[in-house]
**Student:** 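The structure under discussion is supplied below as structure tokens; questions concerning it will follow.
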Amino acid sequence: MTGAELVFVPLGAVALGSSVLVVTTDQLVRAALWLVVALGALAGCFLLLAAELVAWVQVLIYVGAVVVLLLFGIMLTRAPIGRSVDLDSGNRVAALVVALGTAGTLVTVVVGGFRTASIDLGDGSAGSAGTVGAGLFRYWVLPFELLSVLLLAALVGAIVLSRRDIGPRARDGGED
Amino acid sequence: MRFYGKGILTGLAVTLRAMTRRAVTRQYPEVRPDLPPRSRGVIALLEENCTSCMLCARECPDWCIYIESHKETLPPATEGGRERSRNVLDRFAIDFSLCMYCGICIEVCPFDALFWTPEFEYAEHDIAELTHERDVLREWMWTVPPPPALDPGAERPKEVVDALRAAAEGRPA
Amino acid sequence: MTVAGVLDVVLRLVLVVGAFLLLPLLVGQLEHKAMAHMQSRVGPMYAGGFHGWAQLVADGVKFVQKEHVVPTAADRTVFSLAPAVALLPYLLVLAAVPVGPGLVAVDLPAGLFFALAVLSVSVLGSIMAGWSSANKYALLGGMRTAAQLLAYELPLVLAGSSVVMAAGTLSLSGIVLAWRPWWLVWQAAAAVVFFVSGLAELARPPFDMPLADSEIVLGPLTEYTGLRFALFMLAEYAGIVVLCALTAVLFLGGWRGPFGDASLGPIWLLAKIFLLAFVVIWVRVSTPRLRSDQLQRLAWLVLVPMSLGQLALTGVVKVVTS
């Protein structure tokens, strides 16, 4: 085992353990903070796989923006310190089944798709910004643009939903 | 013409200009403050002028002046004259922990026995020490600044005029 | 690894930690004195003898002596972790700043993204502090921090991307090498956007609504005492140093100066950092605090369009000149 592998295993364990804690802890805000740990450990894994850009973008977007948004939302509604007894869901078993099923499917698909493929991490250029950028804009440009359109649609939808003053005109026109 | 950010630039210019000027801070313990002569620091007593008339103690709004005196009889100045009696001051004290520095005592004193002085460094650890007895009040007299100069062309003070006239007539003022 | 290699790493780390501990104090002292003189005062004059140079050392000693108070209702673990989460990212970023030609503690190929990513983690410390204090002012401050971060993260990253496009590299040392003096004009808008959004991320006045000592005590820091409070203060000044260093590296040419780049590099960089730190202090003294609607308006209606325009300009110029 190389040094990188030695670090990779505990990092993966941290990511897994903290993700389990995210869903099992009965303290609402701490769940979000465990998510930070999980995402950070995941970024560490990316880093060890020489995917430097993806690792930093992961921290920037997920830890820096998504979790902050999450925390903001939690604090805006309710953010009790300590245990919340009503946080447990009755659908525990169903959720577990769905989660395990999804994980199983994903692992099967990934393993099936890349069974023999391997990337040489030797000089660390496999995950550099240049390689990722070239791949993204040469070979995967269509999915990338489709994702942009999807995000744009989501943005427009959010604006339409949140702005009351641009809703449909009242049908009878009597009172406005 | 209005443009975006003009207010911010003006504000920045003001602070920068302030930085180039000398600070107005007084370096008090190192450098004595230059107080105007009429500053109300502490009240001094010229006890030679005091007749124990009690006017100041009575006018004091917060009753911080303590006066004790007794009467003495003097032998008649001329043969067969009347005996004279006068008040002798036993105690004159101002409690500066009560005093509110209104200066009414100084205003009402008919004999010019009380004066303002700009001295202000008489803080104490014990509040009782803030009651200045007559000897302390007498010591403050040395710090009383001379009265401010008269305006040019003003008429002479009455006592000066009297003294000059007395000197001219060759009699004691 | 050879002995020389180990020594090299140790020396680099010691230098970075030393700069991390010293530079914020210098900026703090600069703030004390510059702010005082801008307000026609003289500032601290006694500690250390000469013009109060040791004031912050004295402050540090005072903070160490003070009691650690943790509110009864607080979440102890998160409460104690928050100062470290706020402070450590700045140390990491400082290690990635190139100080001279080939002189950088850790040279990362995606240095800019590393810096921006780690900086955004630091703000998490304020939010954690705000929530875990069990204090309504602290919670309000934490929410304001979060709202402000969400609004200003985007222009910050966009402005940084503009330089990356111009230089054609994400590495901070690469950007300094690619930098040319005329970029001062070309990237001026990006520089302004980057600096202003950086100020907002640090919650420095006029963007200090999360702290707002005259309305919500001290926001997330309300319940902190002693050394933990000192760590937050250190984080604030370390943040100023990091923001100024990043701005200098990205937009002002980093260690490059009018002459003697090879030998005087670190001095040019320090000069630029302190010049920018002075601007940070100057702006603090001169401007009143922004309201929350003004904050959001500035971010979304001024800074984001400005940075998008800059991106377009950078792209056009890049294509035309290449």
Side-chain angles (χ1 to χ4, degrees), chain B residues 1-42 96-97 99-101 103 116-130 132 136 139-140 143 145 148, chain C residues 29-52 55 188-189 191-193 195-197 199-200 204-208 274-291 294-295 297-299 301-306 309:
Chain B
M1 197 188 91
R2 278 173 54 86
F3 62 93
Y4 214 70
K6 189 182 172 197
I8 295 174
L9 292 181
T10 317
L12 289 173
V14 167
T15 43
L16 198 65
R17 224 177 301 131
M19 198 176 76
T20 56
R21 295 207 197 98
R22 270 198 85 75
V24 295
T25 308
R26 302 282 184 91
Q27 298 292 345
Y28 158 58
E30 278 84 30
V31 182
R32 301 275 311 158
D34 184 23
L35 293 173
R38 289 195 183 184
S39 300
R40 298 179 168 200
V42 65
F96 284 106
S97 65
C99 177
M100 60 183 197
Y101 302 89
W116 278 119
T117 120
E119 290 298 312
F120 59 94
E121 292 170 307
Y122 52 93
E124 300 285 354
H125 287 292
D126 183 355
I127 197 170
E129 308 271 303
L130 276 173
H132 290 192
V136 183
E139 283 304 307
W140 288 127
T143 64
Chain C
Q29 186 68 14
L30 179 70
E31 173 159 47
H32 267 324
K33 292 311 254 191
M35 190 156 87
H37 282 282
M38 283 179 175
Q39 295 167 341
S40 295
R41 304 181 284 118
V42 291
M45 287 299 275
Y46 289 96
F50 179 74
H51 283 261
Q55 182 61 46
V192 171
V193 171
F195 195 61
V196 170
S197 347
L199 280 184
R204 282 288 298 180
F207 305 102
D208 61 337
F274 277 100
L275 192 73
L276 286 169
F278 177 76
V279 174
V280 172
I281 295 158
W282 188 15
V283 169
R284 169 187 178 169
V285 179
S286 314
T287 50
R289 182 182 306 138
L290 288 178
R291 261 189 343 250
Q294 293 168 328
L295 271 174
R297 184 166 282 272
L298 178 67
L301 293 187
V302 180
L303 295 182
V304 171
M306 243 172 109

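Throughout, a chain's letter reflects where its sequence line sits, starting with A, and its residues are numbered from 1. Quantities reported herein were computed from a predicted structural model and do not represent experimental measurements.
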**Student:** Extract the chain B to chain C donor-acceptor pairs under 3.5 Å, no hydrogen or angle test applied.
**Tutor:**
{"residue": "B:L12", "atom": "O", "partner": "C:W282", "partner atom": "NE1", "Å": "3.0"}
{"residue": "B:T15", "atom": "OG1", "partner": "C:W282", "partner atom": "NE1", "Å": "3.0"}
{"residue": "B:T15", "atom": "OG1", "partner": "C:S286", "partner atom": "OG", "Å": "2.7"}
{"residue": "B:V24", "atom": "N", "partner": "C:S40", "partner atom": "O", "Å": "3.1"}
{"residue": "B:T25", "atom": "OG1", "partner": "C:V42", "partner atom": "N", "Å": "3.3"}
{"residue": "B:E30", "atom": "OE1", "partner": "C:Y46", "partner atom": "OH", "Å": "3.2"}

**Student:** I'd like to know whether CG of B:L16 has more than 12 heavy-atom contacts from other residues, nucleotides or ligands below 6.0 angstrom.
**Tutor:**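 Yes.
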**Student:** For the CG atom on B:L9, are there more than 12 heavy atoms of other groups (residues, nucleotides or ligands in this structure) within a distance under 6.0 Å?
**Tutor:**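 Atom CG in B:L9 is crowded, with more than 12 foreign heavy atoms closer than 6.0 Å.
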**Student:** Who are the side chain to side chain contact (heavy atoms under 4.5 Å, CB included) partners of B:Y101, not counting sequence neighbours?
**Tutor:**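 For B:Y101 the side chain to side chain contact (heavy atoms under 4.5 Å, CB included) partners, ignoring immediate neighbours, are B:F96, B:C99, B:W116, B:Y122.
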**Student:** Checking heavy atoms, do the side chain of B:V24, its backbone, both or neither come under 4.5 Å from chain C?
**Tutor:**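 For B:V24, the contact with chain C is made by backbone and side chain together.
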**Student:** Side chain, backbone, both or neither: which part of C:M35 has a non-hydrogen atom closer than 4.5 Å to chain B?
**Tutor:**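 Contact with chain B is absent: no heavy atom of C:M35 under 4.5 Å.
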